[in-house]
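Down below is the structure, laid out as structure tokens.
In each ligand, atom 1 is the first atom listed, and ligand 1 is the first ligand listed. Residue numbers run from 1 in the order of the sequence given.
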Amino acid sequence: MSSHRGMASRPGFPLLSSLARRPKVTGPRFQSSPPDIKLKSPREIGLMREAGRLVARALDEVRRMAEPGVTTADMDAAIAAVFREHDATPLFLGYPSSVKGKPPFPAVICASVNEHVVHGIPNRRPLREGDIVSVDTGCKLNGWCGDSAVTLAIGQVAPDVQKLLDVTQETLNLAIRAMSRCRYWSEVASLMERFVKSQGLYVVEQFVGHGIGQSMHEDPQVPNFISSVLRKHDIRLEPGLVLAIEPMVALGTKDVRTLGDGWTVETRDRRPSAHFEHTVAMTPEGPRVLTLLED
Ligand code: MG
Ligand code: MG
């Protein structure tokens, strides 16, 4: 699950309740104080790897279901079953809404179809040939969290949509590769942004990645683009840092809006967008992806 870039998690305050304390949210705000980053020990990263492996197993399950006729509710049930079988706690179910008066998130996965960017709610509409669906999920296992997302094609998709999927996946991959040689996240974010732009596509800026550990959303916020605030409070890529990296890329515009359900985020031009995410730990040997099936 991506973090709204206006929200800063603070020790002792659940991410979203800290927002609910504000009388009114007038627009996106950047985190303006230095992030409170909790570095993880090798043992803790090992525990996060187990949570991450289970998330990968759950996503692998839906990858094999991705055919015309399947519903996102079916995918939600399949992933819920994987977590239940391993005594893992789903992280999204019951997550409080950032929109005042809206219900908590009602499912184990976010399923965002076509123009939906993130935080879509699973439903019983059968997916059709040519749709794309972003499936995002996370769990807590033995006290540690994993978070990952993949966008799947349903059958054959249009060439521009296939390019969107390829570019978004490659944006995540190039970020992970760059983490082995870059010293600061701003360098990685700049590479991600430049690559997306070079392909004629748009980085969604309203939502960002995040630190992750014993909570799903920890400091720092991890934007997929460069900003003056990121330059001011840059993130040093040092051993023990664990980030959920999640580029969201759109075909026609970076502008998004949240629907009346308080959750689903869609592009303002209602053209498709894609989203890929991995939980990645910095180790002395370099970046290590924790949300893969195999090492
Ligand atoms: Mg996620
Ligand atoms: Mg996330």
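Counting just the N/O/S atoms of Glu277, the one with the shortest distance to the Mg ion (ligand 1) is named OE1. The Mg ion (ligand 1) lies closest to atom OD1 when only the N/O/S atoms of Asp136 are considered. Checked against the Mg ion (ligand 2), the N, O or S atom of Glu246 at the shortest distance is OE2.
Salt bridge Asp219/Lys38: absent, no basic N to carboxylate O contact under 4.0 Å. Salt bridge annotation for Arg49-Glu44: absent, with no cationic side-chain nitrogen under 4.0 angstrom from a carboxylate oxygen.
Counting heavy atoms from C-beta on, the side chains of Met48 and Val242 come closer than 4.5 Å.
No side-chain donor-acceptor contact under 3.5 Å links Ser190 to the backbone of Ser186.
At least one N/O/S atom of His210, whether from backbone or side chain, sits less than 2.8 Å from the Mg ion (ligand 2).
For the pair Pro223 and Ala189, the tightest heavy-atom approach, listed with the atom from each and the gap, is O-CB, 3.7 Å.
For the pair O of Met1 and OD2 of Asp147, the angle at the Mg ion (ligand 2) is about 100°; rounding is to 10 degrees.
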